[in-house]
2 protein chains.
Amino acid sequence: MASDHLSLTLAALADPTRRAMLARLAQGEATVTELAAPFALSLPTVSKHLKVLQHAGLVTQGRKAQWRPCRLAAAPLREVAAWMEDYRQFWDESFDRLDDYLHDLQSQGKEQPQ
Amino acid sequence: MASDHLSLTLAALADPTRRAMLARLAQGEATVTELAAPFALSLPTVSKHLKVLQHAGLVTQGRKAQWRPCRLAAAPLREVAAWMEDYRQFWDESFDRLDDYLHDLQSQGKEQPQ
DNA sequence: CTCTTATTATGCTATTGAGCTAAATAGCGA
DNA sequence: TCGCTATTTAGCTCAATAGCATAATAAGAG
């Protein structure tokens with residue numbers, strides 16, 4: 001069943017249609033119909049995709065008359081980033097001591113070096 | 001079908017069993033049997049999970065007598081990181097100009113031989 | 001060659017996910 | 001109220017995935 005939230009998020013992101021919907025929402029709110037427009041998919045199908053995204057917390061839906069404007073809620077991506085961080089050394093070529101240093105700098109309240 | 005590689009990778013990562021297998025491999029090579037040990041799963045099932053990870057390019061398998069030692073191959077995570085980068089501003093609170101500066105610094109040089 | 005161990009292939013079942021159409025709900029506007 | 005638009009629910013099909021047990025393959029040990 002894989003119902004931990006990270007799994008939910010990754011599963012939601014694993015579908016290209018859903019990623020495209022997120023890309024659209026990154027540019028601002030959109031109604032379900034607007035979101036559906038670029039796809040050759042029925043509205044119920046789009047609605048279902050939306051539900052998956054909402055369930056993962058990646059989208060929130062408001063209410064404006066009969067429209068349900070959707071908004072990106074990217075917080076779950078933090079979870080993904082946190083998970084990936086453990087593997088950083090395996091994929092980030094520039095992961096080295098300076099990298100650590102920069103990350104320390106970063107987290108300790110940024111003043112500009114140099 | 002969703003057969004672009006990013007989708008493949010995310011789908012592979014969406015399963016907690018597979019993520020646990022990657023976590024194990026992050027500590028070093030392991031045979032299929034070793035990988036299977038922590039799980040209450042049959043070997044064929046584990047073998048299938050491995051195939052998914054291999055298909056996504058997240059694991060490579062060698063050959064040593066009758067063992068097939070598996071190794072982590074985290075390169076596909078770069079793809080995930082690249083995708084997430086477009087959404088950084090939406091989830092990374094410390095996303096600001098300094099952050100950019102630090103990333104520039106990061107990418108402009110320094111390799112460290114092992 | 002035979003035995004044993006490690007792994008994968010096959011064939012099966014059950015569950016989930018993506019897609020559809022048609023019907024139901026929600027809210028505006030006349 | 002009636003009708004129009006937006007969206008979701010219900011019910012279906014099909015394909016994919018996770019799981020199992022059993023059988024086949026691969027390779028070392030005797």
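Chain letters run A, B, ... following the sequence lines, proteins first and then strands; every chain starts at 1.
Atom pair B/Arg19:CZ and D/dA18:P shows a separation of 13 Å (rounding to whole Å applied). Taking atom CG on B/Leu41 and atom C1' on C/dT7, their separation rounds to 16 Å, with Å as the unit. In this structure, the CG atom of A/Leu43 is 15 Å from the C1' atom of C/dA18, given to the nearest Å. In this structure, B/Leu53 places its CG atom 12 Å from P of C/dT8, rounding to the nearest Å. If you take NE2 of B/His55 and P of D/dA16, they are 13 Å apart, rounded to a whole angstrom. Rounded to an integer number of Å, the gap from A/Lys51 NZ to C/dT16 P is 14 Å. We find that CD of B/Glu29 is positioned 12 Å from P of C/dT7, with the value rounded to whole Å. Whole-Å rounding puts the B/Phe39 CZ to D/dA18 P distance at 13 Å.
Remark: the backbone N or O of A/Trp91 is paired with a side-chain donor or acceptor of B/Arg78 at under 3.5 angstrom. Not a single donor-acceptor pair under 3.5 Å links the side chain of B/Thr31 to the backbone N or O of B/Pro69.
Comparing D/dC20, C/dC20, D/dT7 by their closest approach to the side chain of A/Ser42 singles out C/dC20. Taking the side chain of A/His49 as heavy atoms from C-beta on, and the options D/dC20, D/dT8, C/dA18, the nearest nucleotide is C/dA18.
Counting non-hydrogen atoms under 4.0 angstrom, B/Ala11 reaches nothing in the nucleic acid. Contact annotation for B/Ala36: no contact, since no heavy-atom pair falls under 4.0 Å across all strands.
Phosphate contact (OP1/OP2 of D/dA6, side-chain N/O of A/Thr33, threshold under 4.0 Å): absent. Remark: B/Thr45 is in phosphate contact with D/dC20, judged by side-chain N or O atoms under 4.0 Å from OP1 or OP2. In this structure, B/Gln61 reaches the C/dT8 phosphate: one of its side-chain N or O atoms is under 4.0 Å from OP1 or OP2. The side chain of B/Thr31 places no N or O atom within less than 4.0 Å of a non-bridging phosphate oxygen (OP1 or OP2) of C/dA6.
Comparing B/Gln54 and A/Val52 along DNA chain C, the residue whose closest nucleotide (by nearest heavy atom) sits nearer the 5' end is B/Gln54. Comparing A/Pro69 and A/Lys48 by the nucleotide of DNA chain D that holds the closest heavy atom to each, the one mapping nearer the 5' end is A/Pro69.
Annotation: side chain of B/Trp83 is in contact with side chain of A/Leu77 (closest heavy-atom distance under 4.5 Å). The shortest side-chain heavy-atom distance between B/Val80 and B/Met84 falls under the 4.5 Å cut-off. Here the side chains of B/Leu13 and B/Leu22 are in contact, with some heavy-atom distance below 4.5 Å. Side-chain contact between B/Met21 and B/Val46: present, with at least one pair of heavy atoms (C-beta onward) separated by less than 4.5 Å.
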Summarise how protein sits on nucleotides 23-30 of chain D as a single string, 5' to 3': B when a protein heavy atom is under 4.0 Å from the base, S for sugar-phosphate-only contact, - for no contact.
---SSS--

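Summarising the geometry of B/Tyr87 relative to A/Arg19, their closest heavy-atom pair is OH-O, 3.9 Å, with the distance given to 0.1 Å. Contact record, B/His5 with B/His55: NE2-O, 4.4 Å, taken as the closest heavy-atom pair.
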